[in-house]
S.K.: 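First, the structure itself, so that you have it in front of you.
Below, all heavy atoms of this structure are taken into account, side chains as well, without hydrogens, waters or symmetry copies.
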Amino acid sequence: MLICRTFAEIRDAVGEWRRSGESVVFVPTLGNLHDGHLQLVELGARHGNRVVVSIFVNQLQFGRNEDYALYPRTLDADVEKLRSVGASALFCPSDAEVYPNGIEQQTTVTVPTMTDILCGATRPGHFTGVTTIVTKLFNIVQPDKAVFGIKDFQQLAVVRRMVQDLCLPIEIIEAPVARADDGLAL
């Protein structure tokens with residue numbers, strides 16, 4: 001599995017695969033991976049030749065009362081998990097790579113009407129952070145398809161709408177809810 005930390009590295013890898021006629025499926029994550037994430041990767045492998053997973057703890061989607069600094073960062077364990085399910089590449093850029101002008105100066109992507117209800121009503125700005133980073137990651141990786149879990153239904157709906165509204169040539173694959181043995185959604 002390739003580990004890419006810069007835009008250039010992941011674009012070179014994806015470009016090489018495309019020149020070989022391979023399709024690319026993308027699974028964006030915040031890291032701290034569990035079996036639910038790994039099932040997204042496995043589903044992606046059934047829909048394309050190569051699966052790219054990103055790990056990026058996106059400060060822009062964390063609200064004032066959500067502690068970005070305390071979000072678990074478990075990169076070494078995540079790498080091993082991704083290797084175990086056959087991911088082709090891990091893209092784990094730095095904050096400086098993703099937000100070179102800082103998040104305060106970042107152009108944002110907002111999906112109107114869908115992001116200030118349900119979960120968005122109690123997390124103002126969260127979905128703008130999600131859609132901004134997902135748009136950036138889609139532009140960087142340029143996948144044919146991307147996998148999102150139905151467990152985060154509002155996020156799935158918002159991303160689908162964003163892809164449609166921005167005319168992005170990416171098919172969104174809906175993954176079923178993965179559950180632990182006790183029935184808890186992962």
Side-chain angles (χ1 to χ4, degrees), residues 3-11 13-14 24-33 36-37 40-41 44 51-75 78 87 89-175:
I3 298 176
C4 303
R5 297 185 184 277
T6 67
F7 297 171
E9 290 171 336
I10 194 63
R11 283 181 174 156
V14 170
V24 177
V25 180
F26 181 51
V27 180
T29 79
L30 294 170
N32 194 33
L33 303 178
H37 294 108
L40 300 177
V41 175
V51 179
V52 174
V53 178
S54 67
I55 292 177
F56 182 70
V57 183
N58 179 32
Q59 185 175 357
L60 197 58
Q61 73 191 68
F62 283 77
R64 282 190 222 153
N65 298 326
E66 299 171 332
D67 203 337
Y68 163 78
L70 292 179
Y71 190 87
R73 289 159 173 86
T74 56
L75 187 59
D78 291 347
L90 168 62
F91 177 50
C92 49
S94 67
D95 287 348
E97 180 86 1
V98 175
Y99 296 120
N101 298 313
I103 63 169
E104 299 80 21
Q105 299 298 317
Q106 175 62 45
T107 299
T108 58
V109 177
T110 301
V111 176
T113 69
M114 298 179 71
T115 58
D116 57 358
I117 60 171
L118 304 172
C119 178
T122 59
R123 299 179 78 190
H126 169 72
F127 285 110
T128 295
V130 170
T131 52
T132 298
I133 191 60
V134 170
T135 300
K136 288 181 74 102
L137 291 169
F138 282 175
N139 283 327
I140 295 160
V141 177
Q142 300 181 341
D144 300 293
K145 302 174 184 181
V147 181
F148 289 84
I150 198 169
K151 176 189 157 284
D152 296 318
F153 184 76
Q154 186 174 11
Q155 176 177 276
L156 173 64
V158 167
V159 168
R160 280 185 194 269
R161 173 72 175 275
M162 178 194 74
V163 165
Q164 178 185 36
D165 286 355
L166 296 179
C167 305
L168 300 175
I170 300 166
E171 178 186 343
I172 302 299
I173 299 168
E174 178 181 295

S.K.: Measuring from atom CD1 of I10 to atom CZ of F26, what distance do you get when rounded to the nearest 0.5 angstrom?
M.R.: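 I10 CD1 to F26 CZ: 8.0 Å, rounded to 0.5 Å.
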
S.K.: What are the two closest non-hydrogen atoms of N58 and V130, and how far apart are they?
M.R.: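 Where N58 meets V130 most closely, the heavy atoms are ND2-N, 4.4 Å.
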
S.K.: Within a strict 4.5 Å, meaning less than it, do heavy atoms of the V53 and H37 side chains meet?
M.R.: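 The answer is no; the side chains never approach within 4.5 Å.
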
S.K.: Assess the residue pair T131 and V158 against the criterion (side chain to side chain contact (heavy atoms under 4.5 Å, CB included)); give the C-alpha distance rounded to whole Å, side-chain angles, the decisive distance to 0.1 Å, and a yes or no.
M.R.: CA-CA 8 Å; T131 52; V158 167; 3.4 Å; yes

S.K.: Going from CG on D95 to CZ on F56, what distance comes out if it is rounded to the nearest 0.5 angstrom?
M.R.: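 Here the interatomic distance stands at 4.5 Å.
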
S.K.: Is the number of heavy atoms from other residues, nucleotides or ligands within 6.0 Å of OH (Y71) greater than 12?
M.R.: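 Correct, the count exceeds 12.
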
S.K.: Give me the one residue out of C92, S94, P93 that meets side-chain contact (heavy atoms from CB on, under 4.5 Å) with R5.
M.R.: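 Single side-chain contact (heavy atoms from CB on, under 4.5 Å) partner of R5 among C92, S94, P93: C92.
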
S.K.: Please tell me if the side chains of K136 and Y99 come closer than 4.5 Å, counting only heavy atoms from C-beta onward.
M.R.: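 Side chain of K136 against side chain of Y99, heavy atoms only: contact under 4.5 Å found.
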
S.K.: Atom CD1 of I172 and atom CE of M162: how far apart are they, to the nearest 0.5 Å?
M.R.: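 One finds 7.0 Å between CD1 of I172 and CE of M162.
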
S.K.: Quick check: closest heavy atoms across I140 and F7, and the distance to 0.1 Å?
M.R.: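 Nearest pair, atom of I140 first, then F7: CD1-CE2, 3.3 Å.
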
S.K.: What's the shortest heavy-atom distance between I170 and V163, and which atoms?
M.R.: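 For I170 versus V163, the nearest heavy atoms are O-CG1, 3.5 Å.
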
S.K.: Provide the closest heavy-atom pair for L40 versus A175 in the form atom of the first, atom of the second, distance.
M.R.: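 The answer is CD2-CB, 3.2 Å.
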
S.K.: If you compare all heavy atoms of R11 against all heavy atoms of N139, which two are closest, and at what distance to 0.1 Å?
M.R.: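 Heavy atoms of R11 and N139 come nearest at NH2-O, 3.5 Å.
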
S.K.: Report the distance from atom CD1 of I103 to atom CD of Q61, rounding to the nearest 0.5 Å.
M.R.: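 So the CD1 of I103 and the CD of Q61 are separated by 11.0 Å.
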
S.K.: When you measure from the side chain of D144 to the backbone N and O of V24, does any donor-acceptor pair fall under 3.5 Å?
M.R.: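 Indeed, once roles are kept as given, a pair shorter than 3.5 Å links the two residues.
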
S.K.: Main chain of V111, side chain of D165: is a donor-acceptor contact present, judged purely on distance under 3.5 Å?
M.R.: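 Judged by distance alone, no pair lies under 3.5 Å.
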
S.K.: If you define the side chain from C-beta out and look only at heavy atoms, does anything of Q154 sit under 4.5 Å from F127?
M.R.: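 Yes, at least one pair of side-chain atoms sits under 4.5 Å.
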
S.K.: Could you give the distance from CG (L90) to CG (D78), rounded to the nearest 0.5 Å?
M.R.: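 Reported to 0.5 Å precision, the distance equals 8.0 Å.
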
S.K.: Tell me whether K145 contacts the main-chain N or O of I173 through its side chain, where contact means a donor paired with an acceptor under 3.5 Å.
M.R.: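 A pair under 3.5 Å: no.
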
S.K.: Measure the shortest side-chain to side-chain distance between I55 and L75 over non-hydrogen atoms and say whether it is less than 4.5 angstrom.
M.R.: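 Side chain of I55 against side chain of L75, heavy atoms only: contact under 4.5 Å found.
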
S.K.: Honestly, is R73 close enough over Y68, meaning NZ or CZ under 6.0 Å from the six-membered ring centre and within 45° of the axis?
M.R.: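 Relative to the ring axis of Y68, which defines the angle, R73 lies inside both limits.
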
S.K.: Write down the atom of L156, the atom of G149, and the distance for their closest heavy-atom approach.
M.R.: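 In this case the closest contact between L156 and G149 is CB-O, 4.2 Å.
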
S.K.: Starting at CZ of R160, measure out to CD of Q155 and round the result to the nearest 0.5 Å.
M.R.: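 If I round to the nearest 0.5 Å, the distance is 12.0 Å.
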
S.K.: Are L166 and F138 packed together at the side-chain level, in the sense that at least one heavy-atom pair is separated by less than 4.5 angstrom?
M.R.: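 They are not in contact (no side-chain heavy atoms under 4.5 Å apart), so the answer is no.
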
S.K.: Could you tell me whether the side chain of E97 reaches within less than 4.5 Å of the side chain of T6, counting heavy atoms only?
M.R.: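 A side-chain contact under 4.5 Å exists here.
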
